[in-house]
Amino acid sequence: MSATFERVYAVVRQIPHGRVATYGRVAELADVATPRVVGFALSALEDDTDVPWHRVLNAKGTISLGRRDGAATTQRERLEAEGVVFDANSRIDLSAHAWSGPA
DNA sequence: TCCATGACCGACT
DNA sequence: AAGTCGGCCATGG
């Protein structure tokens, strides 16, 4: 495990229950060069991880795992279970659920 | 060691 | 409104 990944995971673990953060935001807080690395870090997570990766969305407030099989559905279910609401376009109201980082 | 690839973002045309 | 481009980290062959 690299230090860069650890920083990303540390930030994601801080996202409060029922809140969401964008890749760009996580990259910024984790002090990572580009959001790309965040995505790659999350893609390397295992199923039994303690990192709430489902609380991370892209800049539009939608789930980016569209291509990834099954994962998108899992993410949506977990978010809805936490009280996060999706609109008609399967998009999340960032102004209502976005996490702006540690206080 | 070099090359390609991957959950992305923001600015520009 | 939609497509292109640069950014730049880690992994596998």
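Chain identifiers are assigned alphabetically (A, B, ...) following the order of the sequence lines, protein sequences preceding nucleic acid strands; residue numbering begins at 1 within each chain. A quick note: this is a predicted structure, and the numbers were derived from the prediction, not measured.
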Colleague: Is it the case that atom CG in A:Asp47 sees more than 12 heavy atoms from other parts of the structure closer than 6.0 Å?
Modeller: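 No.
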Colleague: Nearest whole angstrom, please: distance from the C1' of B:dC8 to the CH2 of A:Trp53.
Modeller: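 Going from A:Trp53 (CH2) to B:dC8 (C1'), I get 16 Å.
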Colleague: Rounded to the nearest 0.5 Å, what separates atom CG in A:Leu57 from atom CD1 in A:Ile63?
Modeller: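 It is 7.0 Å, given to the nearest 0.5 Å.
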Colleague: For A:Arg19 and A:Glu82, run side chain to side chain contact (heavy atoms under 4.5 Å, CB included): C-alpha distance rounded to whole Å, both residues' side-chain angles, the deciding distance at 0.1 Å, then the answer.
Modeller: CA-CA 8 Å; A:Arg19 285 298 170 74; A:Glu82 294 187 355; over 6 Å; no
Colleague: Inspect the surroundings of CZ in A:Arg91 and state if more than 12 heavy atoms from other residues, nucleotides or ligands are less than 6.0 Å away.
Modeller: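 Open: at most 12 neighbouring heavy atoms sit under 6.0 Å from CZ of A:Arg91.
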Colleague: Nearest whole Å is fine: how far is B:dC8 P from A:Leu94 CG?
Modeller: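 Rounded to whole Å, this separation is 16 Å.
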Colleague: Take atom CZ of A:Arg25 and atom P of B:dG10, then tell me their distance rounded to the nearest Å.
Modeller: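 That distance rounds to 10 Å.
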Colleague: How would nucleotides 6-13 of chain C be written as a contact map, 5' to 3', with B for base contact, S for sugar-phosphate-only contact and - for no contact, using protein heavy atoms under 4.0 Å?
Modeller: -BSBB---
Colleague: Would you call A:Arg13 and A:Asp50 a salt bridge, taking side-chain N to carboxylate O under 4.0 Å as the test?
Modeller: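 Answer for the salt bridge query: yes.
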